[in-house]
Amino acid sequence: MNATDVARYLNEHPEFFEEHLDLLSRIKVKHPHGNHAIPIAERQLLNLREKSRKLEGNLRELVGFGEQNDLTSERMHRMTLDMLAAPNMFALLQTIDSHLQDDFGLDASAVRLWGGDEGSVVTEFDSASDAAKAFGEGLSTPHLSAQALFESSAWFGDKAANLASYAYVPLRAEKPFGLLVFASQDPARFTPNMGIRYIQRLGELVSMALRRFLEF
């Protein structure tokens, strides 16, 4: 009989230890965090405590995620209300920028639009390169990057030198009409392996808010 046979026998005959209760106190196994031996029952108790600690940790993590999601949803709600209340394009762009930086903790944000009057005094209508437009129009979901793409670094002015991660969010209604770019000094803020659900929803909200003031 080998170890596999013993394990199979004990698994198929759980009554074994009921009939040999004294074994539980006499069998010694190595302590999981030391070199001394402890009764098998004590080792099982330690295993259960360790599992309990892991479950408590998982629960705290889930609660933390839930609270963070609630906070993000509340911020998006406030931003949406303020965008709806904006009376004109200039006020709307200011609202977007202030919420992204004050509520969402971004170090910089930029908008470039090509769906309206490019002769406007609004900076966001400054001409974007054909490459940047093609990139924005080809996006179906946000694109996260560790470096500024195309000429977008210039869109952040004096802040550009300190930025280390970026999220490029397409703006679209009936058709693509611009790019919304989030930027952070933290290189881990926007990475290709992170979730983009809230970033995409923000892009959709901003798109619909801007759409009111654009003529196609």
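Around CG of Asp130, the count of heavy atoms belonging to other residues, nucleotides or ligands within 6.0 Å does not exceed 12. Counting non-hydrogen atoms of neighbouring residues, nucleotides and ligands closer than 6.0 angstrom, the CG atom of Asp5 exceeds 12 such neighbours. Around atom CD of Glu15, more than 12 heavy atoms belonging to other residues, nucleotides or ligands sit under 6.0 Å away.
Nearest heavy atom pair, residue Ser152 against residue Tyr168, reads OG-OH, 2.6 Å. Closest heavy-atom contact between Pro170 and Ser140: CG-C, 4.4 Å. Contact record, Ala164 with Asp186: CB-C, 4.3 Å, taken as the closest heavy-atom pair. The heavy-atom pair separating Phe213 from Pro87 by the smallest distance is CE2-O, 3.8 Å.
Looking only at distances, a side-chain donor or acceptor of His13 sits under 3.5 Å from a matching main-chain atom of Tyr9. Within the 3.5 Å criterion, the main-chain N or O of Ala209 finds a donor-acceptor partner in the side chain of Arg212. The backbone N or O of Ala128 lies less than 3.5 Å from no partner atom in the side chain of Arg112, so there is not a single donor-acceptor pair.
The OG1 atom of Thr191 sits 6.0 Å away from the CE atom of Met194 when rounded to the nearest 0.5 Å. Within the model, atoms CD of Gln200 and CG of Leu205 stand 11.0 Å from one another, a figure rounded to the nearest 0.5 Å. Taking CG of Leu92 as the reference point, atom CG of Asp82 lies at 10.5 Å (rounded to 0.5 Å). Rounding to the nearest 0.5 angstrom, the gap separating the OG atom in Ser165 from the CD atom in Gln147 is 12.0 Å. Once rounded to the nearest 0.5 Å, the distance linking CZ of Arg211 with CZ of Arg172 reads 13.5 Å. Distance check, rounded to the nearest 0.5 Å: CG of Leu106 to CD of Gln101 gives 7.0 Å.
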### Check against side chain to side chain contact (heavy atoms under 4.5 Å, CB included), His143 and Leu149
CA-CA 10 Å; His143 176 83; Leu149 303 179; 3.7 Å; yes
### Task
Could you please spell out the steps behind the side chain to side chain contact (heavy atoms under 4.5 Å, CB included) verdict for Arg189 and Asp107?
CA-CA 11 Å; Arg189 181 68 185 271; Asp107 294 305; over 6 Å; no
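Contact of the Asp97 side chain with the Gln94 side chain is not registered, since no non-hydrogen atoms from C-beta on lie closer than 4.5 Å. A heavy-atom distance below 4.5 Å is found between the side chains of Met76 and Arg201. Inter-residue side-chain proximity for Val181 and Val169 is flagged as unmet; no heavy-atom pair is nearer than 4.5 Å. In this structure the side chain of Phe177 reaches within 4.5 angstrom of the side chain of Ser207, judged on heavy atoms. The side-chain heavy atoms of Ile199 and Leu144, taken from C-beta on, include a pair separated by under 4.5 Å. Side-chain contact between Met79 and Val206 is present, with at least one heavy-atom pair separated by less than 4.5 Å. A 4.5 Å side-chain heavy-atom check between Ser109 and Phe104 finds every atom pair outside the cut-off. A heavy-atom distance below 4.5 Å is not found between the side chains of Glu151 and Ser153.
In this pair, Phe150 and Phe135 present their aromatic rings tilted. The plane angle is within the 30 to 60° band.
In the model, Trp114 has no side-chain atom that pairs as donor or acceptor with a side-chain atom of Glu124 under 3.5 Å. For Ser184 and Tyr166, the side-chain atoms include no donor-acceptor pair closer than 3.5 Å.
Using a 4.0 Å cut-off between a side-chain N of Lys or Arg and a carboxylate O of Asp or Glu, Glu137 and Lys175 do not qualify as a salt bridge.
Met208 and Leu202 fall into different hydrophobic clusters, where Ile, Leu, Val, Met, Phe, Trp and Tyr are joined by side-chain heavy atoms under 4.5 Å apart, directly or via other members. Following chains of ILVMFWY side-chain contacts shorter than 4.5 Å, one cannot reach Leu84 starting from Leu180, and the two form parts of different hydrophobic clusters.
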